[in-house]
Asks: 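My structure is below; once you've seen it, I'll send some questions.
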Number of protein chains: 2
Amino acid sequence: MAMKTKDRILDAALHLFNMQGTGAVSTNHIAEAAGISPGNLYYHYRNKEEIIRAIFERQFAALDVAFELPTDRLPTLEDIQSFVRVNFEIMSAYTFIYREMIALLRQDAVLRSRYIAIRARGYEGFQAIIAAYAQSGLLTIPIDDHTITQLADICWLISEFWLSSLDISEQPINDNQFQRGVDLMMLVLKPYFKP
Amino acid sequence: MAMKTKDRILDAALHLFNMQGTGAVSTNHIAEAAGISPGNLYYHYRNKEEIIRAIFERQFAALDVAFELPTDRLPTLEDIQSFVRVNFEIMSAYTFIYREMIALLRQDAVLRSRYIAIRARGYEGFQAIIAAYAQSGLLTIPIDDHTITQLADICWLISEFWLSSLDISEQPINDNQFQRGVDLMMLVLKPYFKP
DNA sequence: GTCTATATCGCGATAGAC
DNA sequence: GTCTATCGCGATATAGAC
């Protein structure tokens with residue numbers, strides 16, 4: 001069976017948003033790209049804001065899975081690396097989100113609180129991993145709670161904004177660049193962790 | 001003598017953009033806030049894009065000064081810190097810029113190339129400072145060129161996106177928060193530099 | 001569910017008087 | 001330099017037929 005219209009609208013919207021930004025794309029454009037009439041689009045979604053929210057929710061669902069940590073053992077540095085890499089992969093499918101995120105969150109309180117919750121899970125992931133290391137004596141330098149928080153802050157900053165930084169300087173977004181971001185994070189952590 | 005109309009338009013636009021975002025603010029709104037007619041606004045600026053460019057140029061001029069390094073002596077860690085703090089101060093007067101930057105730069109190639117040039121100066125500032133340390137033997141660990149570049153990458157990431165990160169989590173933007181950003185940067189550099 | 005037709009609105013931009 | 005008046009356009013959203 002063919003894909004539901006409701007989903008095709010989202011696919012079309014995501015594609016257009018990624019290429020032109022949410023501001024330049026109207027509901028008429030989305031309807032046309034989805035191969036339906038403007039009126040039909042409004043049967044499925046109240047307005048553009050709701051379409052944006054639905055796309056965010058798609059990404060949230062993907063991130064929520066990516067932010068899972070192993071529960072049966074202590075996380076390792078490799079876990080951090082794949083954690084970040086998957087995060088980058090998901091983000092790169094939704095480029096319009098990181099390009100306009102702050103502005104979009106400001107305009108939609110529902111979206112903002114949803115994002116802040118998802119974000120907290122990712123941040124706490126970093127904190128948990130670093131804290132786990134600190135407790136297991138795998139450190140070259142002992143670190144206090146404040147330093148753990150700071151290291152998690154930097155890790156989060158890299159995972160949230162590294163792709164933005166590349167985008168601004170017009171660099172392509174690919175596996176190589178993902179690795180560069182991962183390497184930056186490892187450089188920050190390296191002085192504290194045993195190899 | 002009272003301020004020129006051309007400047008009052010920019011002041012009004014900056015204020016509205018910071019509060020509501022460029023998308024929600026029309027030229028009519030700007031004219032009203034500036035206390036002039038819509039027609040008069042178009043006498044001074046071709047369109048909204050040109051107003052946005054003019055505001056960017058204001059910020060560029062301020063950043064360009066902030067990115068000056070001492071030429072009569074080697075830069076110090078204190079130089080880095082004030083460098084970043086001033087950067088934060090300037091950015092915080094133009095919040096709409098960092099909120100929408102990536103999207104705005106994508107829509108305006110003129111703006112993008114201007115920004116990339118200014119940005120390069122800031123980045124090279126970090127690189128120069130770190131390299132100066134590396135050459136003067138003030139390091140606890142020797143570092144190669146690649147590491148210098150990576151450290152500069154991280155420093156730049158913090159200085160460019162730390163305020164964005166605060167904004168997303170709805171934290172106030174003030175001196176204390178500026179200092180937190182500076183502290184993060186120092187944490188990254190600390191393992192390599194002698195106290 | 002999907003279409004066509006349409007109402008309403010506000011934006012960007014210009015013309016022309018002063 | 002500044003104003004008023006206005007045109008043309010496209011966007012959002014709804015009504016009603018199929």
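Below, chains carry the letters A, B, ... as their sequence lines are ordered, and counting in each starts from 1.
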Asks: Restricting to salt bridge (charged side-chain N to carboxylate O under 4.0 Å, His left out), what partner residues turn up for A:R46, sequence neighbours left out?
Replies: none
Asks: With a 4.0 Å heavy-atom cut-off, tell me which residues in residues 21-31 of chain A come close to DNA chain D, sorted by residue number.
Replies: A:S26, A:T27, A:N28, A:H29
Asks: Check each of A:L163, A:I173, A:V86 against A:M91 using the side-chain contact (heavy atoms from CB on, under 4.5 Å) test, and report the only one that passes.
Replies: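 Considering A:L163, A:I173, A:V86, a side-chain contact (heavy atoms from CB on, under 4.5 Å) with A:M91 is found only for A:L163.
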Asks: Using the C1' atoms of the five pairs at each end, what is the angle between the end axes of the helix from C:dG1-D:dC18 to C:dC18-D:dG1, to 10°?
Replies: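 Helix axis angle between the two ends: 0°.
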Asks: Sequence neighbours excluded, which residues qualify as side chain to side chain contact (heavy atoms under 4.5 Å, CB included) partners of A:Q20?
Replies: A:L16, A:A24, A:V25
Asks: Looking at residues at least two apart in the chain, or sitting in another chain, which of them share a side chain to side chain donor-acceptor pair (under 3.5 Å) with A:Q135?
Replies: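 A:Q135: no side chain to side chain donor-acceptor pair (under 3.5 Å) contacts found.
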Asks: Taking ring-ring contact (aromatic ring centres under 6.0 Å, His included) as the definition, give me every residue that meets it alongside A:Y45, ordered by chain and number, with sequence neighbours left out.
Replies: none
Asks: By salt bridge (charged side-chain N to carboxylate O under 4.0 Å, His left out), which residues pair with A:D183, not counting sequence neighbours?
Replies: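 Residues passing salt bridge (charged side-chain N to carboxylate O under 4.0 Å, His left out) with A:D183: none at all.
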Asks: With sequence neighbours excluded, what pairs up with A:P172 under the side chain to side chain contact (heavy atoms under 4.5 Å, CB included) test?
Replies: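 Here the qualifying residues are A:N174, A:Q177.
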Asks: List in chain and number order the residues that pass side chain to side chain contact (heavy atoms under 4.5 Å, CB included) with B:S164, two or more places apart in sequence or in another chain; answer none if no residue qualifies.
Replies: A:I102, A:F161, B:Y98, B:F161
Asks: Could you list the residues that satisfy side chain to side chain contact (heavy atoms under 4.5 Å, CB included) with A:F126, not counting sequence neighbours?
Replies: A:I80, A:F83, A:V84, A:A152, A:C155, A:W156, A:S159, A:M185
Asks: First contact, last contact: which nucleotides of DNA chain C are these for chain A, 5' to 3', heavy-atom distance under 4.0 Å?
Replies: C:dG1 to C:dT4
Asks: Going by salt bridge (charged side-chain N to carboxylate O under 4.0 Å, His left out), name the residues that satisfy it together with B:R85, two or more places apart in sequence or in a different chain.
Replies: none
